[in-house]
Amino acid sequence: VPSVPLIRANTTLEQDKATVLRCWLAMGGKEDDLRRGYFDTPMSPNVYLRQKKMRAEPSDDVSEWFGVTVEGERVTALEWMAHKLWWGGEGLPGIIPAEIGALS
């Protein structure tokens with residue numbers, strides 16, 4: 001029986017940031033879209049009422065990244081389903097990597 005590596009939970013925001021970027025890229029997203037895109041309002045049950053915006057320059061602050069919510073120095077939510085509504089209607093084509101389990 002092959003062994004499955006355990007995924008250690010992240011303990012810092014910097015670890016969360018790296019995990020978010022690796023997962024986004026693994027799922028076929030473009031780094032520039034993640035670091036420049038944002039919603040004009042916070043998370044909402046109705047994403048159709050929100051507008052996606054693009055910053056002039058990419059942000060290094062993970063709390064400003066597209067679809068990422070940070071609370072208490074940790075990533076607490078990813079709202080990437082709405083990605084397909086604004087970037088060509090295709091969504092992220094890749095498979096959600098197991099590494100996403102490192103986010104708490």
Side-chain angles (χ1 to χ4, degrees):
V1 176
S3 65
V4 177
L6 295 176
I7 297 171
R8 294 179 184 242
N10 293 343
T11 59
T12 67
L13 185 58
E14 281 302 310
Q15 291 172 331
D16 284 355
K17 179 180 176 180
T19 297
V20 167
L21 179 57
R22 284 192 300 268
C23 289
W24 177 265
L25 295 173
M27 293 171 61
K30 295 178 182 173
E31 183 174 350
D32 196 54
D33 289 344
L34 177 65
R35 294 181 59 214
R36 290 182 59 222
Y38 68 98
F39 287 123
D40 65 346
T41 57
M43 286 179 69
S44 164
N46 190 344
V47 296
Y48 297 101
L49 298 177
R50 300 166 61 196
Q51 295 292 314
K52 191 227 49 148
K53 308 273 185 172
M54 291 293 278
R55 288 178 191 80
E57 296 294 324
S59 174
D60 283 332
D61 183 348
V62 69
S63 70
E64 295 179 350
W65 289 3
F66 176 75
V68 178
T69 301
V70 174
E71 297 173 348
E73 295 299 312
R74 297 302 307 278
V75 171
T76 59
L78 299 174
E79 190 180 10
W80 290 345
M81 182 181 151
H83 178 270
K84 67 181 176 183
L85 299 175
W86 290 281
W87 279 291
E90 296 299 318
L92 295 169
I95 297 170
I96 298 171
E99 182 179 7
I100 206 163
L103 301 171
S104 55

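All residue numbers in this chain count up from 1 along the given sequence. Everything numeric in this text was worked out from a predicted model, so none of it was measured.
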Checklist entry - Is there a side-chain contact between Leu78 and Val68 (heavy atoms, below 4.5 Å)? => result yes
Item to check | Residues Val70, Glu64; criterion side-chain contact (heavy atoms from CB on, under 4.5 Å); working and verdict | outcome: CA-CA 9 Å; Val70 174; Glu64 295 179 350; over 6 Å; no
Next on the checklist: Quick one about Gln15 and Thr19 (side-chain donor to acceptor, distance below 3.5 Å, no hydrogens or angles considered), yes or no?
Outcome noted: no
Item to check | Contacts of Glu14 that satisfy salt bridge (charged side-chain N to carboxylate O under 4.0 Å, His left out) - sequence neighbours left out | outcome: none
Item to check | Main-chain N/O of Asn10 paired to Arg74 side chain as donor or acceptor, under 3.5 Å | outcome: yes
Next on the checklist: Distance check, rounded to the nearest 0.5 Å: Arg22 atom CZ versus Ile100 atom CD1?
Outcome noted: 12.0 Å
Checklist outcome for this item: Contacts of Arg55 meeting side-chain hydrogen bond (donor to acceptor under 3.5 Å, both in side chains) (sequence neighbours excluded), chain-then-number -> none
Next on the checklist: Nearest 0.5 Å, please: how far is CG in Leu34 from CH2 in Trp80?
Outcome noted: 6.0 Å
Next on the checklist: For Ser63 and Asp61, which I'm curious about, is there any donor-acceptor pair between the side chains at under 3.5 Å?
Outcome noted: yes
Next on the checklist: Would the distance check show the side chain of Lys17 and the main-chain N or O of Thr12 forming a donor-acceptor pair, the cut-off being under 3.5 Å?
Outcome noted: no
Next on the checklist: Nearest 0.5 angstrom please: Glu99 CD to Ile7 CD1, how far?
Outcome noted: 7.5 Å
Next on the checklist: With rounding to the nearest 0.5 angstrom, report the OG1 to CG distance, Thr11 to Asp16.
Outcome noted: 8.5 Å
Checklist entry - Going from CH2 on Trp65 to CH2 on Trp24, what distance comes out if it is rounded to the nearest 0.5 angstrom? => result 10.5 Å
